[in-house]
There are 2 protein chains.
Amino acid sequence: MVTKNEETNFQEKIKAIQDTMFVLGGKWKIPVILSIYSGNKRFNEIASSIPTITNRVLSKELKHLEENLLISRTVIDDYPVRIEYALTAYCLTTEEVAAPLEKWGKNHLKKISGKV
Amino acid sequence: MVTKNEETNFQEKIKAIQDTMFVLGGKWKIPVILSIYSGNKRFNEIASSIPTITNRVLSKELKHLEENLLISRTVIDDYPVRIEYALTAYCLTTEEVAAPLEKWGKNHLKKISGKV
DNA sequence: GGATTAAGTATACTTTAGGATACAGGTATC
DNA sequence: GATACCTGTATCCTAAAGTATACTTAATCC
């Protein structure tokens, strides 16, 4: 038995978590952010730093991240036209999510494989 | 330009995050955990605490969570046979992931709606 | 004028997640 | 013997996510 307020909190928690999952969830979003964070700026650099991602998927992910204000896309107009991706200042807040996800995943692997 | 070790770290980070996403990602896994955490034990209790989830999906999520050692399923053999779900001690570690996801989601909503 | 390079797009899939609806199986009550 | 209760399963479907492979466009070097 829960009170009205606990009930409301519960629904709000669910919504907030589902929102985060929409923006940062899926197989590739955080890996793309980490790739740019670790120094890759150009489309092909990012693509080759994430071995099994395809052009089409990377293109979609970059758009999604840009729409959510997490990365910027700059056109550099010399030969041949280059594009540079960069993380926004806001994107650095995703570290608060990525670090726990990484830590939990590493521990879970041990747990499941019976070593903990 | 990154060194061999940075490269290895990067690939390991990606894998750990993708592992977590597989276990806790998607629309319903953390909501189901939160529902049990907030006191719901029975299938129908959990189902009705999460307004739009269907029986089929809840059933799948419960199995997935049980396989990953996050919940237990106990058969209680009186009339009519009841089942009680409970979080394992290990499941409490998901709070380390759920709390940041919730916090980030709440802030992101403000950010995107232009209030921050 | 042919080759090369960067940043994608086009097309055509396959796979996974999730949703809608119905109903089954066992038991105890009436 | 019909009915209701509980925990799901069965069947079918849609939509989203992800994959594979080839191609485009524009400029500039050779």
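All chains are named by letter (A, B, ...) in the order of the sequence lines, taking the proteins before the strands, and each is independently numbered beginning at 1. Given the structure is predicted, the values throughout are model-derived calculations rather than measurements. Basis for what follows: all heavy atoms, side chains included, without hydrogens, waters or symmetry-related copies.
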Quick tally for nucleotides 24-30 of chain C: nucleotides whose base has a protein heavy atom under 4.0 Å get B, sugar-phosphate-only ones S, the rest -, giving --B-S--
Phosphate contact (D/dT9 OP1 or OP2) by B/Ser59 side-chain N/O below 4.0 Å = yes
Which whole-number value in Å describes the distance from B/His64 NE2 to C/dA17 C1'?
-> 12 Å
Heavy atoms from other residues, nucleotides or ligands near NZ of A/Lys106 exceed 12 (cutoff 6.0 Å) = yes
Side-chain atoms of residues 29-37 of chain A: list all donor-acceptor pairs with protein atoms under 3.5 Å, sequence neighbours left out, distances to 0.1 Å.
| residue | atom | partner | partner atom | Å |
| --- | --- | --- | --- | --- |
| A/Ser35 | OG | A/Asn40 | ND2 | 3.0 |
| A/Ser35 | OG | A/Ser49 | OG | 2.7 |

Let me check something: any side-chain donor-acceptor pairs from residues 55-67 of chain B under 3.5 Å, sequence neighbours excluded? List them with distances.
| residue | atom | partner | partner atom | Å |
| --- | --- | --- | --- | --- |
| B/His64 | NE2 | B/Phe22 | O | 3.4 |
| B/His64 | NE2 | B/Val23 | O | 3.3 |

Nearest whole angstrom, please: distance from the C1' of D/dG8 to the NZ of B/Lys63.
-> 8 Å
Atom CG of B/Asn44 and atom P of D/dA4: how far apart are they, to the nearest Å?
-> 17 Å
Could you note down all residue pairs passing salt bridge (Lys or Arg N to Asp or Glu O under 4.0 Å) where residues 13-27 of chain B supplies at least one of them, sequence neighbours left out?
-> B/Lys15-B/Asp19
Rounding to a whole Å, what distance do you find between B/Ile71:CD1 and D/dT7:P?
-> 13 Å
Measure the shortest side-chain to side-chain distance between A/Met21 and B/Met21 over non-hydrogen atoms and say whether it is less than 4.5 angstrom.
-> yes
Whole angstrom value for the distance that separates C1' of C/dG8 from CZ of A/Arg42 = 13 Å
Could you pull out the protein-nucleic contacts involving nucleotides 17-22 of chain D (nitrogen or oxygen on both sides, under 3.5 Å)?
| residue | atom | partner | partner atom | Å |
| --- | --- | --- | --- | --- |
| D/dG18 | OP1 | A/Lys27 | N | 2.9 |
| D/dT19 | OP1 | A/Lys27 | NZ | 3.2 |
| D/dT19 | OP2 | A/Trp28 | NE1 | 3.4 |
| D/dT19 | O4 | A/Arg56 | NE | 3.3 |
| D/dT19 | O4 | A/Arg56 | NH1 | 2.9 |

Can you find a pair of side-chain heavy atoms, one from B/Leu24 and one from A/Leu101, that are under 4.5 Å apart?
-> no
Report the C-alpha separation of A/Trp28 and A/Thr52 in whole Å, then their side-chain angles, then the decisive distance to 0.1 Å, and conclude whether the side-chain contact (heavy atoms from CB on, under 4.5 Å) test is met.
-> CA-CA 10 Å; A/Trp28 299 117; A/Thr52 59; 3.3 Å; yes
Interatomic spacing from CD1 in B/Ile17 to CH2 in A/Trp104 - rounded to 0.5 Å | 13.5 Å
Ignoring backbone atoms, establish whether B/Tyr85 has a side-chain N or O less than 4.0 Å from OP1 or OP2 of D/dC6.
-> no
Between A/Asp77 (CG) and D/dA26 (P), how many Å, whole number?
-> 13 Å
Given atom CG of B/Leu58 and atom P of C/dA17, what is their separation to the nearest angstrom?
-> 16 Å
d(NZ, A/Lys41; C1', C/dA7) in whole Å | 17 Å
Can you tell me which residue pairs pass the salt bridge (Lys or Arg N to Asp or Glu O under 4.0 Å) test with a partner in residues 36-55 of chain B, sequence neighbours excluded?
-> none
Report the nucleotide, chosen from D/dG8, D/dT7, C/dG8, that has the shortest atom-to-atom distance to any side-chain atom of B/Arg82.
-> D/dT7
